[in-house]
Undergrad: 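There's a structure below that I have some questions on.
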Amino acid sequence: MFRSRRSVSARQLWRQRCIVPSRGQGEGAPPSPEDLQNALRPAAHQLFKKLKDEQLWQLAEALESKGSWECGCVYLPWDSRSGKQPPQVLLCKLYRWPDLRHGAELKRLIQCESFWRKSGEGTSLCCNPYHFSRLAAPDSTSPLSIKAREIARTFLADNPIAHSVQRGKISSIRGCQDTTLSRSNTRDGYWCKLAYWEHRTRVGRLYNVSESSVHIFHDLPKGSGFCLGYLHSETRNEMVRRTRKKIGQGLTLSYEQDGVWVYNRSDHPIFVNSPTLAPMSGRGQSVYKVLPGYSIKVFEQGVSMSSYTYLGDGPCDPHSVRISFAKGWGSSYSRQFITSCPCWLEILLCPPRYPRDESIFPRNRVL
């Protein structure tokens, strides 16, 4: 009875995999994604056998939620010296990205307990596929600034400051004139503020963020964070209402050791503009499309903003990141400026020793 029950659970888990549409292939053609998935079936069933009953239930719950609510970690013993494919790569191929090639394309999310473990600590790792995102690769029209990365690496290598990120707490040594973000050097105990905009009008109050991560969403079952669904505006038009419905689970913003990351949890792309993503010689107009399930580092630690110039509509903080939900802007789109986008988010980062200037960014401003 027990064995048959586990066999039924394993078959149910296999049926929940991503279904890849089959297509006709001629002789000598490469294997289809469906064939590649079927080749993973023995390894998948072998993995399911290693899971205890509680772990099988946790994995089934994670697959049912599709990441819409927090599910526990699913631990499996793992030895990096084994040479085998890591279990999280196998499960991410089955349930999220059939075209995933290797683990270097994945990023563990901050809500996973394994995220907080030191490298090599423990003999087991979480393989919950919804505790991972896929790294967004900048497209050829918006090259990531190699010079910015070199500046960041040089800064961190030459500067004796030790930065640490702990669960729910971010700290750095005081008294240093660096351009990294710091919550300990801000007067009010937050590392960023969030402003939600509809076209040129800000809706609602600024939202202070003091935890290491925050969810920004419209509809998120069992979710907590900055809920845009509660914000009302008397001037909201039909385009804004349609776009708000696409926000859904929104995004997760996290402050990590190497910078600030954004994970797209929604079913639609988001579009990002950041001073550390734009080329150093550019004028802040590089806009990056981030697909659902992908993550991107939107602010690099240690990059100086002294040479950054913004060309756009309205004032801009050089330590701010702008994100549009579902609608792009810039040279590749009909909307030239983000103020033409129906729904967008402004992330106002708080660098140390540079207090926010309310004269530049008044509390109730309209662009």
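Everything quoted here is computed from the prediction, not taken from an experiment. Computed over heavy atoms, backbone and side chain alike; hydrogens, waters and symmetry mates excluded.
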Undergrad: Can you get from Trp197 to Val287 by hopping between Ile, Leu, Val, Met, Phe, Trp and Tyr side chains that sit under 4.5 Å apart?
TA: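 In one cluster with Trp197: Val287, yes.
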Undergrad: How far does CG of Leu56 sit from NZ of Lys50, to the nearest 0.5 angstrom?
TA: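 Taking CG in Leu56 and NZ in Lys50, the distance rounds to 13.5 Å.
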Undergrad: Is there a donor-acceptor pair closer than 3.5 Å between any side-chain N or O of Arg134 and the backbone N or O of Leu291?
TA: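 No; judged by distance alone, with no hydrogens or angles, the pair does not exist.
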Undergrad: For Phe271 and Tyr333: C-alpha separation, side-chain torsions, deciding distance, then whether ring pair (Phe, Tyr, Trp, His ring centres under 6.0 Å) applies.
TA: CA-CA 11 Å; Phe271 297 83; Tyr333 299 89; 5.5 Å; yes
Undergrad: Do Phe115 and Leu109 share a hydrophobic cluster, counting only Ile, Leu, Val, Met, Phe, Trp and Tyr and linking them when any side-chain heavy atoms are less than 4.5 Å apart?
TA: no
Undergrad: Nearest 0.5 Å, what's the CG-SG distance between Leu47 and Cys127?
TA: 5.5 Å
Undergrad: Considering non-hydrogen atoms only, spot the tightest contact between Pro275 and Phe299 and give its length.
TA: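 Distance-wise, the nearest heavy atoms are CG-CE1, 4.0 Å.
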Undergrad: Looking at Gln85, I'd like to know if its CD atom is crowded, meaning that more than 12 non-hydrogen atoms belonging to other residues, nucleotides or ligands lie closer than 6.0 Å.
TA: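 Yes.
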Undergrad: Which distance, rounded to the nearest 0.5 Å, do you find between the CG of Leu106 and the OG of Ser295?
TA: 10.0 Å
Undergrad: Only one of Asn208, Leu348, Ile347 clears side-chain contact (heavy atoms from CB on, under 4.5 Å) with Cys192; which?
TA: Ile347
Undergrad: Answer whether the closest heavy-atom distance between the side chains of Val262 and Thr252 falls below 4.5 Å.
TA: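 Not in contact.
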Undergrad: Side chain of His131, backbone of Cys71: donor and acceptor closer than 3.5 Å?
TA: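 Yes, because the side chain of His131 sits within donor-acceptor range (under 3.5 Å) of the backbone of Cys71.
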Undergrad: Using the side chain to side chain contact (heavy atoms under 4.5 Å, CB included) rule, take Gln88 and Phe132 through it: C-alpha gap first, then chi angles, then the decisive distance, then the call.
TA: CA-CA 8 Å; Gln88 66 268 22; Phe132 291 86; 3.5 Å; yes
Undergrad: Do any N or O atoms from the side chain of Arg265 and from the backbone of Gly67 form a donor-acceptor pair under 3.5 angstrom?
TA: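 Judged by distance alone, yes, a pair lies under 3.5 Å.
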Undergrad: Can you find a pair of side-chain heavy atoms, one from Arg335 and one from Pro342, that are under 4.5 Å apart?
TA: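 Arg335 reaches Pro342 side chain to side chain.
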Undergrad: Mind checking whether Val209 and Leu194 have side chains closer than 4.5 Å, heavy atoms only?
TA: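 Yes, side chains in contact.
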Undergrad: Measure the spacing between OG of Ser212 and CD of Glu256 and express it to the nearest 0.5 Å.
TA: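 Going from the OG atom of Ser212 to the CD atom of Glu256 covers 8.5 Å.
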Undergrad: Go through Lys297 and Asp258 one step at a time and tell me if the side chain to side chain contact (heavy atoms under 4.5 Å, CB included) criterion holds.
TA: CA-CA 9 Å; Lys297 188 194 298 183; Asp258 59 345; 3.3 Å; yes
Undergrad: Measuring from atom CG of Leu76 to atom CG of Leu91, what distance do you get when rounded to the nearest 0.5 angstrom?
TA: 7.5 Å
Undergrad: Let me know which of Gln249, Gln111, Glu70 forms a side chain to side chain donor-acceptor pair (under 3.5 Å) with His215.
TA: Glu70
Undergrad: What are the two closest non-hydrogen atoms of Pro269 and Asn264, and how far apart are they?
TA: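 Taking every non-hydrogen atom into account, CA-ND2, 3.7 Å.
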Undergrad: Working to the nearest 0.5 Å, report the span between OG of Ser224 and CD of Glu211.
TA: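 So the OG of Ser224 and the CD of Glu211 are separated by 9.5 Å.
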Undergrad: For Val240 and Ser233: C-alpha separation, side-chain torsions, deciding distance, then whether side chain to side chain contact (heavy atoms under 4.5 Å, CB included) applies.
TA: CA-CA 10 Å; Val240 172; Ser233 172; over 6 Å; no
Undergrad: Locate the shortest heavy-atom distance separating Ser274 from Val321; write the atom from each residue and the value.
TA: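 For Ser274 versus Val321, the nearest heavy atoms are OG-CG2, 3.9 Å.
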Undergrad: Would you say the side chains of Tyr75 and Glu113 form a donor-acceptor pair under 3.5 Å?
TA: yes
Undergrad: Taking the side chain from Thr339 and the backbone from Arg200, do they hold a donor-acceptor pair closer than 3.5 Å?
TA: no
Undergrad: So, are Arg244 and Asp219 salt-bridged, with charged N and O less than 4.0 Å apart?
TA: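 No, no charged N to carboxylate O under 4.0 Å.
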Undergrad: Report yes or no: do Ile323 and Val290 belong to one cluster of Ile/Leu/Val/Met/Phe/Trp/Tyr joined by side chain heavy-atom distances under 4.5 Å?
TA: yes
Undergrad: In terms of relative ring orientation, are Tyr294 and Trp97 parallel, tilted or perpendicular, with 30° and 60° separating the classes?
TA: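 Answer is perpendicular, since the angle exceeds 60°.
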Undergrad: Quick check on Glu54: does its CD atom have over 12 non-hydrogen neighbours (other residues, nucleotides or ligands) under 6.0 Å away?
TA: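 Count not over threshold, so no.
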Undergrad: Might you point out which heavy atoms bring Lys107 and Trp261 nearest each other, and give the distance in Å?
TA: CE-CD2, 3.3 Å
Undergrad: Under 4.0 Å between a side-chain nitrogen and a carboxylate oxygen: does that hold for Lys246 and Asp267?
TA: no
Undergrad: If you compare all heavy atoms of Phe325 against all heavy atoms of Thr243, which two are closest, and at what distance to 0.1 Å?
TA: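 Closest heavy-atom pair between Phe325 and Thr243: O-CG2, 3.4 Å.
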Undergrad: Side chains of Pro292 and Ile270, heavy atoms from C-beta outward: is any pair under 4.5 Å?
TA: no
Undergrad: Answer whether the closest heavy-atom distance between the side chains of Arg108 and Ser114 falls below 4.5 Å.
TA: yes
Undergrad: Could you check whether the rings of Tyr255 and Trp191 sit parallel, tilted or perpendicular, using 30° and 60° as the cut-offs?
TA: tilted
Undergrad: Find out whether Lys289 and Val272 are in side-chain contact, i.e. whether some heavy atom of one side chain is under 4.5 Å from a heavy atom of the other.
TA: no
Undergrad: Give the C-alpha distance, both sets of side-chain angles, the deciding distance and a yes or no for side chain to side chain contact (heavy atoms under 4.5 Å, CB included) between Phe226 and Leu253.
TA: CA-CA 11 Å; Phe226 187 20; Leu253 177 70; over 6 Å; no
Undergrad: Answer yes if Leu251 and Trp69 sit in the same cluster of Ile, Leu, Val, Met, Phe, Trp and Tyr residues linked by side chain heavy atoms under 4.5 Å apart, and no otherwise.
TA: no
Undergrad: Please lay out, stage by stage, how Ser213 and Ser254 fare under the test side chain to side chain donor-acceptor pair (under 3.5 Å).
TA: CA-CA 4 Å; Ser213 66; Ser254 59; over 6 Å; no
Undergrad: Find out if a path of hydrophobic residues (ILVMFWY) with successive side-chain heavy-atom gaps under 4.5 Å connects Ile296 to Ile247.
TA: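 Yes; Ile247 is reachable from Ile296 via cluster members.
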Undergrad: Which atoms form the tightest heavy-atom contact between Val74 and Leu59, and what is the distance?
TA: CG2-N, 3.9 Å
Undergrad: Any chance the side chains of Trp329 and Gln336 put a donor and an acceptor closer than 3.5 Å?
TA: no
Undergrad: From the options Lys327, Arg236, Arg241, select the one residue that forms a salt bridge (Lys or Arg N to Asp or Glu O under 4.0 Å) with Glu198.
TA: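 With Glu198 as partner, Lys327, Arg236, Arg241 yield a single salt bridge (Lys or Arg N to Asp or Glu O under 4.0 Å), made by Arg236.
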Undergrad: Please check: side-chain N/O of Tyr288 versus main-chain N/O of Leu277, any donor-acceptor pairing under 3.5 Å?
TA: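 Confirmed, Tyr288 side chain pairs with Leu277 backbone.
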